[in-house]
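Right, one structure below, let's go through it.
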Amino acid sequence: MGKYCDFSELTDHIEKLKLKADQIDRARELFLDHIVMLYIRRIKKRTNVDTGMLRKMWMAEKAQTVFNETYASVFNNMEYALFVNNGHRALDGSWVEGFFFVERTDDEMRQYMEKAAKKFYDNYFKDLEG
């Protein structure tokens with residue numbers, strides 16, 4: 001006659017870990033959505049304004065987690081956005097300097113994210129443990 005093993009405690013523990021993993025994914029998505037909204041606010045302030053269309057066209061996709069990677073996108077669909085950012089040759093042959101609003105915003109947000117991520121995760125994991 002075979003021996004009976006009760007794995008219900010192990011099964012419960014595994015289910016709790018899965019729930020915590022889902023909570024961690026959701027927390028990363030919330031954090032990244034927060035960062036993306038700050039990014040858009042800051043890049044809009046830096047974007048050169050002629051007609052205002054370039055500034056208006058900054059958009060983002062909500063953060064999502066796929067295969068344990070969390071990502072979001074910030075983009076501008078105006079065809080000339082890269083030319084305004086990087087600089088370009090004018091019709092008369094002169095060079096128009098770029099504003100480099102993407103690079104400046106990236107640098108600023110990288111510095112902000114390092115501090116904010118530590119604070120966010122420290123607080124989040126403290127709440128998760130309790």
Side-chain angles (χ1 to χ4, degrees):
M1 196 176 238
K3 292 186 179 181
Y4 172 74
C5 292
D6 181 13
F7 289 105
S8 62
E9 238 181 85
L10 179 61
T11 304
D12 289 346
H13 187 66
I14 290 170
E15 289 305 314
K16 286 177 186 175
L17 288 175
K18 285 180 184 176
L19 180 61
K20 284 189 179 187
D22 290 343
Q23 290 172 336
I24 291 168
D25 287 347
R26 183 67 189 129
R28 287 192 317 216
E29 290 170 4
L30 289 171
F31 176 72
L32 193 53
D33 283 338
H34 166 74
I35 294 298
V36 164
M37 288 303 109
L38 284 176
Y39 189 100
I40 286 182
R41 194 176 317 147
R42 290 175 181 179
I43 201 164
K44 279 185 175 186
K45 287 180 182 178
R46 288 190 170 109
T47 302
N48 187 33
V49 177
D50 185 16
T51 65
M53 285 303 296
L54 185 59
R55 187 176 275 183
K56 272 187 220 174
M57 294 304 291
W58 285 108
M59 294 177 253
E61 293 178 351
K62 287 191 72 58
Q64 53 187 309
T65 303
V66 178
F67 298 119
N68 208 27
E69 291 288 325
T70 305
Y71 65 93
S73 298
V74 174
F75 56 94
N76 192 313
N77 284 334
M78 295 303 292
E79 292 178 13
Y80 58 90
L82 284 176
F83 297 112
V84 176
N85 183 66
N86 299 337
H88 59 92
R89 183 88 41 218
L91 292 175
D92 66 2
S94 63
W95 180 254
V96 178
E97 283 296 322
F99 286 87
F100 303 103
F101 40 80
V102 173
E103 292 80 0
R104 291 177 20 220
T105 305
D106 281 352
D107 290 343
E108 179 185 0
M109 291 307 297
R110 234 180 235 105
Q111 292 173 8
Y112 174 80
M113 272 182 62
E114 289 173 8
K115 295 173 189 167
K118 180 172 178 11
K119 185 176 178 182
F120 179 85
Y121 285 114
D122 286 350
N123 290 335
Y124 181 77
F125 284 115
K126 184 172 48 175
D127 292 345
L128 192 60
E129 290 171 358

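Reckoned from all heavy atoms, side chains included, excluding hydrogens, waters and symmetry mates. All values derive from a computational prediction rather than experimental measurement.
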query: Nearest 0.5 Å, what's the OH-CD1 distance between Tyr112 and Ile35?
result: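 Answer for the OH-CD1 pair, Tyr112 versus Ile35, is 5.0 Å.
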- request: Calculate, to the nearest 0.5 Å, the distance between atoms CE and CZ belonging to Met113 and Phe31 respectively.
  value: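 Rounded to the nearest 0.5 Å, the CE-CZ separation comes out at 5.0 Å.
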task: Can you tell me which residue pairs pass the side chain to side chain donor-acceptor pair (under 3.5 Å) test with a partner in residues 56-65, sequence neighbours excluded?
output: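 Qualifying pairs: Glu29-Thr65, Asp33-Lys62, Thr47-Trp58, Thr65-Thr70.
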message: Per the side chain to side chain donor-acceptor pair (under 3.5 Å) rule, what does the pair list look like for residues 83-98, sequence neighbours excluded?
response: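 Sorted result for residues 83-98: Asn85-Glu103, Asp92-Ser94, Trp95-Glu97.
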message: side chain to side chain contact (heavy atoms under 4.5 Å, CB included), that's the test. Do Val84 and Phe101 meet it? Break it down for me.
response: CA-CA 9 Å; Val84 176; Phe101 40 80; 3.8 Å; yes
Please list every donor-acceptor pair under 3.5 Å in which a side-chain atom of residues 37-44 meets a protein atom from a residue at least two apart or in another chain.
from  : atom 1 : to     : atom 2 : distance (Å)
Tyr39 : OH     : Asp106 : OD1    : 2.5
Arg42 : NH1    : Glu108 : OE2    : 3.2

task: Quick one: closest heavy-atom pair of Val36 and Ala72, and the distance?
output: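 Taking every non-hydrogen atom into account, CG2-CB, 3.7 Å.
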message: Between Arg46 (side chain only) and Phe100 (backbone N and O only), is there a donor and an acceptor less than 3.5 Å apart?
response: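 Side chain of Arg46 to backbone of Phe100, a donor-acceptor pair under 3.5 Å: no, none is there.
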message: Just to verify, what does Lys118 make a side chain to side chain donor-acceptor pair (under 3.5 Å) with, not counting sequence neighbours?
response: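 Partners of Lys118 under the side chain to side chain donor-acceptor pair (under 3.5 Å) test: Asp122.
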task: Only counting residues at least two apart or in another chain, list the ones meeting side chain to side chain donor-acceptor pair (under 3.5 Å) with Tyr80.
output: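 For Tyr80, no residue satisfies side chain to side chain donor-acceptor pair (under 3.5 Å) once neighbours in sequence are set aside.
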Connected via hydrophobic side-chain network under 4.5 Å: Val96 and Leu91: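 As far as the 4.5 Å side-chain criterion goes, Leu91 and Val96 are not connected within one cluster.
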query: Taking the side chain as C-beta and beyond, is there a heavy-atom pair between Asp107 and Arg110 under 4.5 Å?
result: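 In short, these two side chains touch, coming nearer than 4.5 Å.
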Partner residues of Asn77 under the side chain to side chain contact (heavy atoms under 4.5 Å, CB included) criterion, sequence neighbours left out: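 In terms of side chain to side chain contact (heavy atoms under 4.5 Å, CB included), with neighbours along the sequence ignored, Asn77 is linked to Met57, Met59, Phe75.
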message: Under 4.0 Å between a side-chain nitrogen and a carboxylate oxygen: does that hold for Asp25 and Arg28?
response: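 Salt bridge flag = yes for Arg28 with Asp25.
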